[in-house]
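Worksheet: one structure, shown below.
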Amino acid sequence: MTDETPSQDRHFQRRQKAAIVGLHLPTAEELLRGMAFFREDLAEDIREYSSRLSGRVKRRKHTGLALLATSLDELTVEPSEDAVLAVEAALDLIDDARGLPVDECRLRCRFYRAFFGNGQATALIAGELAHLASGDLPPAESRHLLWRSLGWAAQSRVLDARQRAGVSVQRSAEWFELEVRTYEGHFRNAITSTMVDEPEPKDSVSAGLAIATWEEEPSEHETRLTDRVVVISGIGNDTTADGKRVAKEFDKFKQRPLPLPGMPELTGVRARLIAEFPYATTIVENVLEGFGGRPNVYLRPIILLGAPGSGKTRFARRLSEELGTPYEIISCGGLSDSAIGGTARRWSSGEPSLAIMAVRRHRCAGPVIILDEIEKIGTGRRNGNVHDVLIGLFEPETSRRWHDPYLQAHCDLSHVSWLMTANSLEPIPAALRDRCRILRFPDPEADQLPLFATRILERLYIEAGHDPRWATPLEGFELDALASGWTGGSLRRLERLVEVLREARERGRRRQ
């Protein structure tokens, strides 16, 4: 399986970037294929779409469309499942729909309701994906849509079970896509392993897709084939005033299994990372080599050691994104005490450990935490030492029963992955280094200047709020000018040069 999935073609990626920064409203089909919502926010997408369609409907000046226009306006103000249902009902009452995207609107409404936690709408979207996969498409694209369809179908069953059990699913937009990707990964692995005649463990698929509702009582803090684990088993001293406050704060997480990030197709991940970081091929191979056969993403602690500006932090972020894991990037320049491991609730500044906050924010038991420039951590011991805390979090035994001083209870943080960047190893204690894989991150090379400069230019246009298509190909004389000022090494210097080039382009365009 070496061909790429359709969502990775260059056209899709350009439109994806534009959607994220608010320059492109994804079509219903693009959402089906996995494109992010407008500005990466469900409510923003709903508002933008309903506002645009409302204006289009009103321009028709047809009395039979008044109810639809009103429903769309209400949806713009209050993006909720009830408001989406009102729009669908208004669509059914239209007597003359010529010139209006009724089918597109109905499909989009179902997509929205699925993300609001509606199992029936989720099942209908699974059918739409299957129909899309049955079209005249390249084999790789059909397979991707088929796996996605099966993932949505499995998710619809989970949502239906939760609704019948009386479990609230109204906030599913925050974890919906993560769960779908987990199920999608199960089907992809099962199907591809069968295609290459690999033996499949007995009942592996059915076990992997078992429904883990919020009411289940796990027997142990361990990874099971449900791909869910309980991170917070309880809250200590919950009869005190502070204890009751913390118990209420974490009520949705206590004794509730949280999903682990499923393993993506590594062939595609490897190809995309190497294409973006051609000078770091060895790093890509070293990081991914230990994933084979695993159902879930987990990285043992890694330190990326390299010169400033070599792209270490960007690589760590892009690796997390390609693996489909939620992540947090923490600058270590301001860390000087043990607060990273949590602070007691009795203090006004009391808060959970950094890992617990990441788990809570992403509703995932296995996020990636990226510690940027770890050598800059302070070494004082007045309020505890950061290095001592990290050593405990990196050890499987202690992280599996990590005592969080804010929760005053043991938590299972053994599925959290830690990625670190460093410009130098000297300030890092030997005890911490011994618990990490240290990978030397190479410097970018001058012969890859056209690739780096083109991507930097496109990103600068997006950050400036422009369509990335404005980043027209670099001319030969422009590349020569950049080459005279950058002979390899720090990409930050190249970014400054490309920014000067972009400004020169804009000045020339205004004079025309």
Side-chain angles (χ1 to χ4, degrees), residues 175 178 182 212 218-224 226-236 246-247 249-263 290 294-303 316 319-320 323-330 332 335 337-345 350-372 374 377 384-420 431-432 434-437:
W175 43 258
L178 177 62
T182 299
S219 58
E220 297 290 337
H221 298 293
E222 60 183 11
T223 304
R224 300 180 296 177
T226 54
D227 292 308
R228 290 169 175 270
V229 294
V230 172
V231 176
I232 300 173
S233 57
I235 305 296
V246 175
E249 183 181 349
F250 285 88
D251 180 62
K252 295 181 180 179
F253 298 90
K254 188 177 69 173
Q255 288 289 352
R256 292 178 175 175
L258 297 177
L260 293 167
M263 187 67 68
R294 291 186 180 181
N296 303 107
V297 174
Y298 171 75
L299 292 162
R300 56 169 291 198
I302 293 175
I303 296 177
L319 173 65
S320 302
L323 291 174
T325 58
Y327 64 91
E328 297 284 336
I329 299 179
I330 308 298
C332 292
L335 294 179
D337 57 31
S338 61
I340 191 173
T343 51
R345 65 175 68 152
E351 62 181 7
S353 63
L354 180 64
I356 285 293
M357 287 193 286
V359 167
R360 178 176 63 180
R361 182 177 296 111
H362 299 289
R363 286 173 166 76
C364 172
V368 174
I369 297 181
I370 301 170
L371 300 178
D372 193 28
I374 189 173
I377 287 178
N385 184 266
V386 181
H387 296 133
D388 294 341
V389 174
L390 291 176
I391 289 172
L393 288 169
F394 291 174
E395 284 287 351
E397 281 300 317
T398 51
S399 64
R400 188 172 291 115
R401 293 183 58 79
W402 179 260
H403 182 79
D404 189 286
Y406 185 77
L407 301 181
Q408 294 187 15
H410 289 113
C411 307
D412 185 357
L413 300 178
S414 60
H415 305 280
V416 176
S417 296
W418 297 86
L419 270 173
M420 292 150 280
L432 186 60
D434 290 344
R435 288 164 171 80
C436 303
R437 294 176 64 195

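FYI, the numbering just counts along the sequence from 1. Keep in mind the model is a prediction, meaning the values are calculated, not measured.
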*Answer yes when Arg360 and Glu249 have at least one side-chain N-carboxylate O distance shorter than 4.0 Å, and no when they do not.*
yes

Short question: side chain of Thr398, backbone of Phe394 - any donor-acceptor pair under 3.5 Å?
-> no

Nearest heavy-atom approach of Ala365 to Val231 is CB-CG2, 3.6 Å

Separation between CG (Leu354) and CG (Leu413), nearest 0.5 Å, reads 10.0 Å

Could you check Val416 against Val368 for side-chain contact (heavy atoms from CB on, under 4.5 Å), going step by step and ending with a plain yes or no? CA-CA 6 Å; Val416 176; Val368 174; over 6 Å; no

Given the options Leu371, Ile370, Ile303, Trp418 meets side-chain contact (heavy atoms from CB on, under 4.5 Å) only with Leu371

Between Arg401 and His410, the two heavy atoms sitting closest are O-CD2, 3.0 Å

Query raised in the report: Is there a donor-acceptor contact under 3.5 Å from the side chain of Ser417 to the main chain of Leu299?
Result: yes

Counting C-beta onward and ignoring hydrogens, is there a side-chain heavy-atom pair between Arg437 and Pro301 closer than 4.5 Å?
no

So SG of Cys364 and OH of Tyr327: to nearest 0.5 Å the spacing works out to 14.0 Å

**Request:** Any chance you could lay out the side-chain contact (heavy atoms from CB on, under 4.5 Å) test for Lys254 and Ser233, step after step, and finish with the verdict?
**Result:** CA-CA 5 Å; Lys254 188 177 69 173; Ser233 57; over 6 Å; no

Using a 3.5 Å distance criterion without hydrogens, assess whether the side chain of Asp404 forms a donor-acceptor pair with backbone atoms of Pro352. no

Closest non-hydrogen atoms of Thr343 and Gly350, given as atom of the first, atom of the second and distance, are OG1-CA, 3.2 Å

Practice task
Determine, stepwise, if the pair Ile369 / Leu419 fulfils side-chain contact (heavy atoms from CB on, under 4.5 Å).
Solution key: CA-CA 6 Å; Ile369 297 181; Leu419 270 173; over 6 Å; no

Here the pair of heavy atoms bringing Gln255 nearest to Val230 is CA-CG1, 3.9 Å

Here the gap from Leu258 atom CG to Arg363 atom CZ, rounded to the nearest 0.5 Å, amounts to 9.0 Å

In this structure, CG of Leu260 is separated from CZ of Arg228 (nearest 0.5 Å) by 9.0 Å

Minimal heavy-atom distance between Arg345 and Ile235, with the atoms involved, is NH2-CG2, 3.7 Å

When rounded to the nearest 0.5 Å, the distance separating OH of Tyr406 from CE of Met357 is 10.0 Å

request  = Start with the C-alpha distance between Arg435 and Ile391, add both sets of side-chain angles, then the distance that settles side-chain contact (heavy atoms from CB on, under 4.5 Å), and finish with yes or no.
outcome  = CA-CA 7 Å; Arg435 288 164 171 80; Ile391 289 172; 3.4 Å; yes

Of all heavy-atom pairs linking Pro405 and Gly341, the shortest is CD-O, 3.4 Å

ask   = Do Arg361 and Glu328 sit within salt-bridge range, that is, some charged N less than 4.0 Å from a carboxylate O?
value = yes

- Message: Does any part of the side chain of Ile232, heavy atoms only, come nearer than 4.5 Å to the side chain of Asp412, both counted from C-beta?
- Response: no

Between the main-chain N or O of Ser320 and the side-chain N or O of Thr325, is there a donor-acceptor pair closer than 3.5 Å? yes

Interatomic distance, CD1@Ile330 vs CG@Asp372, rounded to 0.5 Å, equals 10.0 Å

